[in-house]
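Only one structure is covered here, and it is reproduced in the block below.
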There are 2 protein chains.
Amino acid sequence: MQGNNHDDVRRHNLSTILRLVHRQGAASRAQLTRLTGLNRSTIGALVGELVERGLVEERTPTPTKLAGRPSPIVAASDRVVAIAVNPEIDAITVGVIALSGVVHRSIRFATPTTPTAAEAVTITAGIVTDLRREYEEYSIIGMGVAVPGLVRAHDGLVRNAPHLGWVDEPLCEMLAAVTGLPVVAANDASLGVTAERHFGAGRGMTDLIYLNGGSSGIGGGLVVGGVAAGGRTGYAGEFGHTRVSAGRRTDSAGIAGTLEAEVTRGALLAVLGLRAGDTDADALERALLASDAPAVRAEVDRQLDFLAVALAGAVNILNPELIVLGGFLAALYGVDPGRLTRAVAALTLGAAFDEVRIAPALLGSNLLLIGAAELAFEALLLDP
Amino acid sequence: MQGNNHDDVRRHNLSTILRLVHRQGAASRAQLTRLTGLNRSTIGALVGELVERGLVEERTPTPTKLAGRPSPIVAASDRVVAIAVNPEIDAITVGVIALSGVVHRSIRFATPTTPTAAEAVTITAGIVTDLRREYEEYSIIGMGVAVPGLVRAHDGLVRNAPHLGWVDEPLCEMLAAVTGLPVVAANDASLGVTAERHFGAGRGMTDLIYLNGGSSGIGGGLVVGGVAAGGRTGYAGEFGHTRVSAGRRTDSAGIAGTLEAEVTRGALLAVLGLRAGDTDADALERALLASDAPAVRAEVDRQLDFLAVALAGAVNILNPELIVLGGFLAALYGVDPGRLTRAVAALTLGAAFDEVRIAPALLGSNLLLIGAAELAFEALLLDP
DNA sequence: GATGATACGTTGCCAATGTCAACAAATCAT
DNA sequence: ATGATTTGTTGACATTGGCAACGTATCATC
């Protein structure tokens, strides 16, 4: 319940323009005029200000074969960057992503053992020091961290990252203290849905669900009514613990019959006779498609049917436009898209939900880095 | 992606003030100054405009025992009203609700048979004609309809209201044509959550879930990140079709093992030996509390445990602050709150979600009328 | 009951912003 | 070259909220 004043108008308009060129790519001033509904002169002034601040660049227009004065192209700068960090079990990945969407760098630093939070901070700080030299001419606006675990929304405290063994680690504070950059963190899957929504399969949509199948469980994120839903404390999206069967298998939290207990990458690898280390999501999908062993097929069907129960539950509650599947869930889906689609349809209120689509994630290995960078950019986009 | 101009600022500020006094009750100008962050002079001008338009009234301040010039109390007008309509199986209820929150009238028109859409329109139009005479001095700003079924968001088409037997009825159009008022409609449960959120158990919260148990099924609504979630097409909130068991009982949509199949008012009445017609939610709760028959207790426990599965699934996905239970679900909860709370906790990621609360609905019989009126007020609140 | 302290509404001036209309510039078609 | 079309630029303008000074209404104290 806040009032608006003049500065807010300016800020909102600058924000709107910067968001447009950041999310939807370069646009001519004339296009911006149409999209925002603002006056030509206003657009001129606002773009001028953004250029002055180095956030956007104006390029000479490309010939359009149309009559009329050509309109300069406004593009988000390549030289305004965020640093994205993704700590994992066996590596820490650090990326440099520009406001333009370009991924300048992606560095994977393998760790011999699962890093502690302190080690992750030290490693990240080292890489950032190098990157700072390399990108001296650039403007580094902040750092975003994608954490595989529960992250408290308001301060970025890592409440519990089971696979890293982190509990109540003030990761943001630590990284901010070492690097001097503003640092924000969020759950990796919720960043995944942000990335897919703005730059991937869910472009421009206001209601979508993202489920990611990782080696250690299933997480997800959701966008509801155009807002990335974090829930009360930022823990929303734990699809993995939805009950889908009356079985006795338990998940990482000790709950029986959940999606995460029944639908696992490990079980797929086991029936294929593969080892975890050798197989990424693409290789898994290829292997699943190549195999015609009945046991493999049976396991795939079993998992798809359980996945359908969880998805149907979410669809009935959220009525999304799109369900995006990432990680091994995309592989699972790829083996028999029809089966999953039909199973979900059978468990939802048919006609009403027939517009729901299911699609594999589009952004591959850069997904989390893009999502984390987006998180870091958010402050800038809100108030350029 | 819209730009802001001067008019938008004014509109936003007027809207903010009107929303404040509508939702949070009367407030002094000084309080408004603090809440909005706007200047005293600005508040003066804005309140003056709202008074001129008849939307708010200024009262002489009550003695506060504080030093300083007393600040006039600004209150939403009693004389600006919306008409709320709720068609049901055996009656049509029409209410007159003021912007101040006062429920001026509530008329229940019993119908001998379940009304068709055309009959509902005729009956409503008749009542409205009378009300118009009665409230001649008032300003009727529009009509909101709470429909027990799926309502398409963008045009208020009633896609399917199973218990009324309505399919693809252009209810809004019909009512607007007959009454000449702007008419908006939405699912009853999603209006329930709006009402509880602004005026009931979920006051001021940004993330909550509402589940209503009716004689014919379980519906619900959700607020995610401060936004009433309608989903892609407005069908969000169908909690009743979440799978909670491997059983064979089916729900109204023919899906087996769902919440709506396992948790029913009918089963509770059956073990109590009561008839549907005689028993409202309060009477049901009293009967359940009074009975100590093992069969009753067993049925209550069974239903509570299934309800917990559905709630836990929603909690893991949405991480809400509060779950509001209405209708017979409130009665069920009232019998053994602890059992439900414990069961939900056991099925969610314990520590992370321990802030979730469960509460019965506060707004009784007026719930839907208040929600429907709120829907009608929304246009006015957005642009006073 | 006069005085001061406190809190708040009112008034006139000011800065900032977006709009508008007129004009200039850059392209295409003839 | 000329006109049509589209768009950027410029300066005048209206509107808005902020601000500071002033007026007003209450309480506390003597």
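All values reported here derive from a predicted model rather than from experimental measurement. Below, all heavy atoms of this structure are taken into account, side chains as well, without hydrogens, waters or symmetry copies. Order of the sequence lines sets the chain letters (A, B, ...), proteins ahead of strands, with each chain counted from 1.
- Among the heavy atoms of the strands, none lies under 4.0 Å from B:Arg11.
- Contact check on A:Arg23 versus A:Glu378 returns a salt bridge, with a Lys/Arg side-chain nitrogen under 4.0 Å from an Asp/Glu carboxylate oxygen.
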Any protein N or O atoms within reach of nucleotides 9-11 of chain C? Criterion: under 3.5 Å, listing atom names and distances.
| from | atom 1 | to | atom 2 | distance (Å) |
| --- | --- | --- | --- | --- |
| C:dG9 | OP1 | B:Ser71 | OG | 2.3 |
| C:dG9 | O4' | B:Arg69 | NH1 | 3.4 |
| C:dG9 | O4' | B:Arg69 | NH2 | 3.4 |
| C:dG9 | N7 | B:Arg40 | NE | 3.0 |
| C:dG9 | O6 | B:Arg40 | NH2 | 2.7 |
| C:dT10 | OP2 | B:Arg29 | NH1 | 2.6 |

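- Look at B:Glu136 and B:Arg79 and you find no salt bridge, because none of the NZ, NE, NH1 or NH2 atoms lies under 4.0 Å from a carboxylate O.
- Taking a 6.0 Å sphere around CD of A:Glu134, one finds it holds more than 12 heavy atoms contributed by other residues, nucleotides or ligands.
- Note on B:Ile43: nothing from the nucleic acid sits closer than 4.0 angstrom, heavy atoms only.
- With salt bridges taken as basic N to acidic carboxylate O contacts below 4.0 Å, none links B:Asp7 and B:Arg10.
- At whole-Å resolution of the value, CG in A:Leu38 and C1' in C:dT19 are 11 Å apart.
- Applying the 4.0 Å criterion to OP1 and OP2 of D:dT16, one finds that A:Arg10 has every side-chain N and O outside that range.
- To the nearest angstrom, C1' of D:dT16 lies 11 Å from CD of B:Glu49.
- The salt bridge (charged side-chain N to carboxylate O under 4.0 Å, His left out) search around B:Asp155 returns B:Arg152, not counting sequence neighbours.
- Applying the salt bridge (Lys or Arg N to Asp or Glu O under 4.0 Å) rule to pairs touching residues 30-41 of chain A yields nothing, sequence neighbours excluded.
- OP1 or OP2 of D:dT16 has not a single side-chain nitrogen or oxygen of B:Asn13 nearer than 4.0 Å.
- Straight-line distance from the CG atom of A:Asp7 to the C1' atom of D:dG18: 10 Å, rounded to whole Å.
- Following rounding to the nearest Å, A:Asp8 (CG) and C:dA16 (C1') show an atom-to-atom distance of 13 Å.
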